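Report on one structure; see the data block that follows.
Worth saying up front: this structure is predicted, and the values here are computed from it rather than measured. To find a chain, count down the sequence lines: A is the first, B the second, and so on, and within it residues start at 1.
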Amino acid sequence: MRLATWNVNSIRSRADRVAAWLQRSDVDVVALQETKCRDDQFPEERFADLGYQVAHVGYSQWNGVAILSRIGIDDVEIGFPGQPCWGEDPSTEARALGATCGGVRVWSLYVPNGRTLADPHYQYKLEWLAALRTTAAGWLTEDPTAAVALVGDWNIALENDDVWDMAVFAHSTHVSPPERAAFRAILEAGYADVVRPHTPGPGVYTYWDYTQLRFPRREGMRIDFVLGSPALAGRVTGALIDREERKGKGASDHAPVIVDLAD
DNA sequence: ATGGTCGAATGTCGA
């Protein structure tokens, strides 16, 4: 089974590119983030034509997460239990979608950005990660043998090697100790970064800002992760970051991250 | 060569 995650930065503007990528990548399941559309706007047929079933949640032009699968898509769940919302209305932000595909419980996650260290969105981000940790730890308590994949745009660079220049991020989100601690708490709950062993750094990233020639200058961040439960991590035979997909006109600012699992 | 932001919805904001 080949599983991937990709922040596509608008599925409507990227549908052709995603479809072409699916056709040449031999991916069974892909989790998408930042689809930037409502459910009724999602170009589902484009992917159905290629044999993929689609689950999506999007409430507005912001956020939006999806899972595309050609090996079945069951028990679709919008949001994880205990997921904090921004404001009072839970349907303001679409940031988490779960589905079982080929026996793997896949969660497509778009962790809040945080904006700045002083912004209320930063506290929201930390609360969101803490809630995810509690819930995801519970899944493993219930069933230590569960194959769970927590994948997506985490908006955190865990190690200093995960950004091209730490000095640039001295007072920024994504690298602050509380964010990194919140991420590590999820690792400590039993979920492992299954990609890093196959894509060692330094200089290996998943995201490059559109501005300031960041991509050709190789100035990026590794903020998209596939975390696997013990049962899932034990099945990983390889992983890659598809840097080619960041090239050219019409690319997302994130590259797809792909993991191969033994049956 | 990968290349001086991009996308969705406006009249700007979020990333």
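Stacking of A:Arg243 on the aromatic ring of A:Trp208 is recorded, both the 6.0 Å distance cut-off and the 45° axial limit being met.
For the pair A:His254 NE2 and B:dG7 P, the computed distance is 13 Å after rounding to whole Å. Taking atom CZ of A:Arg17 as the reference point, atom P of B:dC6 lies 12 Å away to the nearest angstrom. The nearest whole Å value for the distance from the CD1 atom in A:Ile11 to the P atom in B:dC6 is 18 Å. At whole-Å resolution of the value, NZ in A:Lys125 and P in B:dG14 are 16 Å apart. For the pair A:Asp209 CG and B:dC6 P, the computed distance is 11 Å after rounding to whole Å. Distance CD (A:Glu34) to P (B:dA9): 13 Å, rounded to an integer number of Å. Rounded to a whole Å, the CZ atom of A:Arg217 is 14 Å from the C1' atom of B:dT5. What separates NZ of A:Lys36 from P of B:dC13 is a distance of 15 Å, to the nearest Å.
Between B:dT2, B:dT5, B:dA15, one nucleotide has an atom nearer to the side chain of A:Tyr210 than all others, and that is B:dT5. The nucleotide whose nearest atom lies closest to any side-chain atom of A:Gln61 is, among B:dG3, B:dA9, B:dG7, B:dA9. Comparing B:dA9, B:dA15, B:dT2 by their closest approach to the side chain of A:Arg218 singles out B:dT2. Considering only side-chain atoms of A:Asn9, the nucleotide from B:dG7, B:dT5, B:dT2 that sits closest is B:dG7. Of all nucleotides listed (B:dA9, B:dT2, B:dC13), B:dA9 comes nearest to the side chain of A:Gln41.
Atom name P, nucleotides B:dG7 and B:dG3: the rounded distance is 13 Å, in whole Å. Going from the P atom of B:dT5 to that of B:dA9 covers 24 Å, rounded to whole Å. B:dA8 and B:dG4: their C1' atoms are spaced 23 Å apart (whole Å).
Contact annotation for A:Arg14: backbone-only contact, meaning every heavy-atom pair under 4.0 Å involves sugar-phosphate atoms and none involves a base. Using a 4.0 Å heavy-atom cutoff across all strands shown, A:Arg115 reaches sugar-phosphate atoms only and no base atom. Using a 4.0 Å heavy-atom distance criterion, A:Arg243 is classed as a base contact. Within 4.0 Å of A:Tyr110, counting heavy atoms only, lie sugar-phosphate atoms of the nucleic acid but no base atom. Contacts of A:Gln212 with the nucleic acid, taken as non-hydrogen atoms under 4.0 Å apart, involve only primed sugar atoms and P, OP1 or OP2.
Two rings, from A:Trp86 and A:Tyr124, have their centers less than 6.0 Å apart. Aromatic ring centres of A:Trp154 and A:Tyr207 lie farther apart than the 6.0 Å criterion allows.
Each of A:Ala251 and A:Asn7 has a nearest nucleotide on DNA chain B; the 5'-most of these lies closest to A:Ala251.
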Candidate pair A:Asp209 and A:Arg217, rule salt bridge (Lys or Arg N to Asp or Glu O under 4.0 Å), full reasoning: CA-CA 11 Å; A:Asp209 196 297; A:Arg217 292 184 191 278; over 6 Å; no
Check the pair A:Glu245, A:Arg24 against salt bridge (Lys or Arg N to Asp or Glu O under 4.0 Å), reporting the backbone distance first and the verdict last. CA-CA 11 Å; A:Glu245 193 50 48; A:Arg24 71 168 179 277; 2.5 Å; yes
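In this structure, A:Arg2 contributes its side chain and A:Ser25 its backbone to a donor-acceptor pair below 3.5 Å.
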